[in-house]
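Let me begin by presenting the structure, written as structure tokens, before commenting on it.
Hydrogens, waters and symmetry mates play no part in the numbers below; they use all other heavy atoms, side chains included. Residue numbers start from 1 in every chain, and the chains themselves are labelled A, B, ... in the order their sequence lines are given, proteins ahead of strands.
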Protein chains: 2
Amino acid sequence: MENNDFVKELGYLGFTMRLKRISDAMMHEGRRLYSDLDVDIEPNWYVIFKLLKSRGAQSVTEIAESIRMAHPSVIHITNKMMDAGYLISEKDPNDSRKRVLDLSARSVKMLPEYEKIWNAGEKGVELALEGLNALEIISALEDKFFNKGFKARTLEQLKK
Amino acid sequence: MENNDFVKELGYLGFTMRLKRISDAMMHEGRRLYSDLDVDIEPNWYVIFKLLKSRGAQSVTEIAESIRMAHPSVIHITNKMMDAGYLISEKDPNDSRKRVLDLSARSVKMLPEYEKIWNAGEKGVELALEGLNALEIISALEDKFFNKGFKARTLEQLKK
DNA sequence: TCTTTTTATGTAGTTGACTACGCAAATGTA
DNA sequence: TACATTTGCGTAGTCAACTACATAAAAAGA
């Protein structure tokens, strides 16, 4: 690894880009991991699996709110999971606009295997972050930037 | 903001997703910021501007290494900057494979204005992260995950 | 010198997120 | 009850990164 990282030299100006680089890199590694293990699931599906397992069936919008994603993203992810046979979908009897998603029998069958992988992944991250208060930092980031975003903060500074 | 974030409940398992959510959100805000300010540049161009200003003309691959991006990404970004008139490109006289990029006169003219915006953005981030040792944490993350990646760490744990 | 390997660039195709918009059902209001 | 507004879902289009592959020039080696 060359010690030649210009973005790092940029201080706080490079912060968002470094955040993106790392999360992109980890996402790509996750994809390769599943393919190496010959497991036919994708990164991020785990959130849906975990959510529905822990809270039971939810509608598209409920899922989007629970995981703080835009609903079209949820539709995209869950459609692929349905195609792969991991989810079932049915109309809400009380509100025909809603579509309620739940884990399929296939999910229940496969989850123990997948959870081994997720646990290993979690342990790997945990060990890498040992001693750093990374979870606190990211919570603080969320508090700051989900409330008053990057744009608002910049405009505030520009006015001075 | 609802206090209903399932990803947060997932502990270290949700870490990479939270990283991605935040960096995505900041990127989108950056894009909106430029459009609000009626400035015809895009997020991430600033790295190229800053790099070429500080280190002078560089080839595509040199840029990619300096900012740790894949070279096709650099080509994509710099092509757009060229179309917008901010970069000039010429063949290296000693090595005709190389294409050397440099700031145009338009860049030099506009940079003072843009730097005001970037300084404000940097200040905003700095204030938001005040008291948190965020830069140290992200350096640690880079050291850990650029060297032995997420995949390797997970496989290591799986074997136990 | 001729051939093979490496390097630099470019193109194509994939991915995962987003916003904007449209439609239909439910809810609120006059 | 009729109309207007809100809500839930879906589609279309955009964007930024990536990998894999192709091509041409330079460098290395037989």
Side-chain angles (χ1 to χ4, degrees), chain A residues 7 16-32 34-36 41-48 58-82 89-101 149-151, chain B residues 7 16-32 34-36 41-48 58-82 89-101 149-151:
Chain A
V7 183
T16 61
M17 192 173 181
R18 290 168 77 184
L19 225 48
K20 177 154 179 57
R21 279 193 317 194
I22 289 198
S23 80
D24 280 351
M26 290 179 89
M27 171 78 78
H28 282 236
E29 293 245 350
R31 173 169 296 283
R32 247 171 302 167
Y34 285 128
S35 112
D36 280 17
I41 59 178
E42 295 180 22
N44 282 353
W45 288 15
Y46 80 93
V47 198
I48 309 290
Q58 292 202 351
S59 73
V60 172
T61 302
E62 279 172 325
I63 294 177
E65 282 168 0
S66 298
I67 64 178
R68 286 166 167 286
M69 271 194 174
H71 83 267
S73 309
V74 171
I75 291 174
H76 188 239
I77 294 174
T78 54
N79 277 347
K80 286 200 287 186
M81 292 177 73
M82 277 183 55
S89 152
E90 49 187 40
K91 280 251 172 289
D92 185 317
N94 304 317
D95 186 338
S96 71
R97 293 169 306 176
K98 290 190 185 173
R99 192 162 65 84
V100 176
L101 297 169
F150 177 73
K151 194 184 88 180
Chain B
V7 182
T16 61
M17 194 173 180
R18 290 168 76 185
L19 225 47
K20 178 155 179 57
R21 277 193 320 195
I22 290 196
S23 78
D24 280 351
M26 292 178 88
M27 169 80 76
H28 283 256
E29 293 245 350
R31 177 169 295 283
R32 246 172 304 167
Y34 286 130
S35 114
D36 281 16
I41 58 178
E42 294 180 24
N44 282 353
W45 289 14
Y46 80 94
V47 198
I48 308 289
Q58 291 203 352
S59 73
V60 172
T61 302
E62 280 172 326
I63 294 176
E65 283 169 0
S66 298
I67 65 178
R68 285 168 167 285
M69 272 196 173
H71 82 268
S73 310
V74 172
I75 291 174
H76 188 241
I77 295 174
T78 54
N79 277 347
K80 286 200 289 185
M81 291 178 73
M82 276 182 56
S89 151
E90 48 187 42
K91 281 251 172 289
D92 185 318
N94 304 315
D95 186 337
S96 73
R97 293 170 306 177
K98 289 191 186 173
R99 194 161 63 85
V100 176
L101 297 169
F150 177 74
K151 195 185 87 179

Between [N] ([atom2]) and [X] ([atom1]): distance, integer Å:
X	N	atom1	atom2	result
B:Glu42	D:dA16	CD	C1'	9 Å
A:Ile22	D:dC18	CD1	P	13 Å
B:Glu29	D:dC15	CD	P	18 Å
B:Asp95	D:dA26	CG	P	5 Å
A:Met26	D:dA17	CE	P	19 Å
B:Met69	D:dT19	CE	C1'	15 Å
A:Asn94	D:dG8	CG	P	14 Å
A:Leu19	D:dA17	CG	P	13 Å

Report the nucleotide, chosen from [options], that has the shortest atom-to-atom distance to any side-chain atom of [X].
X	options	result
A:Ile75	C:dT19, D:dC9, D:dA20	D:dC9
B:Ser59	C:dA12, D:dC9, C:dT9	C:dT9
B:Arg99	D:dT19, D:dG10, C:dG10	C:dG10
B:Lys80	D:dG8, D:dT11, D:dA16	D:dA16
A:Thr61	C:dG16, D:dC9, D:dA16	D:dC9
A:Lys20	D:dG8, D:dA17, C:dG10	D:dA17

State whether [X] places a side-chain N or O below 4.0 Å from either non-bridging phosphate oxygen (OP1 or OP2) of [N].
X	N	result
A:Ser96	C:dA25	no
A:Arg31	C:dT14	no
B:Ser73	D:dC18	yes

Donor-acceptor under 3.5 Å (A:Arg21 side chain, B:Ile67 main chain): yes

So how far is it from B:Arg99 CZ to B:Thr78 OG1, rounded to the nearest 0.5 Å? 5.5 Å

Roughly how far apart are B:Arg68 CZ and A:Ile22 CD1, rounded to 0.5 Å? 9.5 Å

Under 3.5 Å, is there an N or O donor on one side and an acceptor on the other linking the side chain of B:Arg97 and the base of C:dT7? yes

Spell out yes or no: do the side chain of A:His71 and the base of D:dG8 have one donor N/O and one acceptor N/O closer than 3.5 Å? no

Return the minimal non-hydrogen interatomic distance between [X] and [Y], and the atom names on each side.
X	Y	value
B:Trp45	B:Ile77	CD1-CG2, 3.8 Å
A:Ser66	A:Gln58	OG-OE1, 3.3 Å
A:Thr16	B:Tyr46	OG1-OH, 4.4 Å

Decide, applying a 5.5 Å centre-distance limit and a 30° plane-angle limit (both strict), whether B:His28 stacks on C:dT19. no

Specify the residue among B:Lys91 and B:Arg21 whose closest nucleotide of DNA chain C lies further upstream toward the 5′ end. B:Lys91

